[in-house]
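Here is the structure we will look at.
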Amino acid sequence: MRKYFGRHYNCPNFGYTFMDKQSGAFMIHPASIKIERWTMVKHRHSPDDPSLDSYWQRWARRTGETALTRSWQKVARRQGHRCPTCRQSIYNGETIRMSYRDGDKSNGSYRNLVLVHAECRRASHQGLA
């Protein structure tokens, strides 16, 4: 038993961890994995239903806006919570970046700032979008 079980520095709360002491490889203890709960979608309110598109846009705006700082929220409201490049919601799970409309970093007014997806920004800088 001592050959396969022991203490490992990544699992200090458990008295045993299944591991190979020679190579240092170990299995993650199942009790150390945090459970992430999801809210069930009620009845027939599927995000894939095109008739409920406006509902899901309001929901994304309401829940996604809380992750942004106040200044980024102001910029998001100004542009209608949409990426100007791909016209999708900026809360679709992609990374959001701040960009400048005229490309001048010294002009930091809110009218010059815009939120875009990281991939859209990269594509526009490379001339693909």
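Please read all numbers here as calculations on a predicted model, not as lab measurements. When reading the values below, keep in mind they use all heavy atoms of this one structure, side chains included, and skip hydrogens, waters and symmetry mates.
- Both tests pass for K74 against the ring of Y110: distance under 6.0 Å to the centre and angle within 45° of the axis.
- Between I96 and V116 the shortest side-chain heavy-atom distance does not fall below 4.5 Å.
- N112 places no side-chain N or O within 3.5 Å of a backbone atom of Y100 that could act as its donor or acceptor partner.
- Taking all atoms of both residues into account, the shortest heavy-atom contact from P84 to Q79 is CD-NE2, 4.0 Å.
- A donor-acceptor pair under 3.5 Å is formed between the side chain of R101 and the backbone N or O of R111.
- Once rounded to the nearest 0.5 Å, the distance linking OG of S99 with CZ of R121 reads 5.0 Å.
- To the nearest 0.5 Å, atoms OG (S89) and NE2 (H81) are separated by 8.5 Å.
- If you chain together hydrophobic residues whose side chains sit under 4.5 Å apart, I90 and W72 fall into the same group.
- To the nearest 0.5 angstrom, C86 atom SG is 6.5 Å from E94 atom CD.
- With values rounded to the nearest 0.5 angstrom, R97 atom CZ is found 12.0 Å from R122 atom CZ.
- Separating the SG atom in C120 from the CG atom in L115 is a distance of 12.0 Å, to the nearest 0.5 Å.
- Note that OG1 of T85 and CD of E119 are 11.5 Å apart. Values are rounded to the nearest 0.5 Å.
- Side-chain contact between V75 and M98 is present, with heavy atoms from C-beta onward closer than 4.5 Å.
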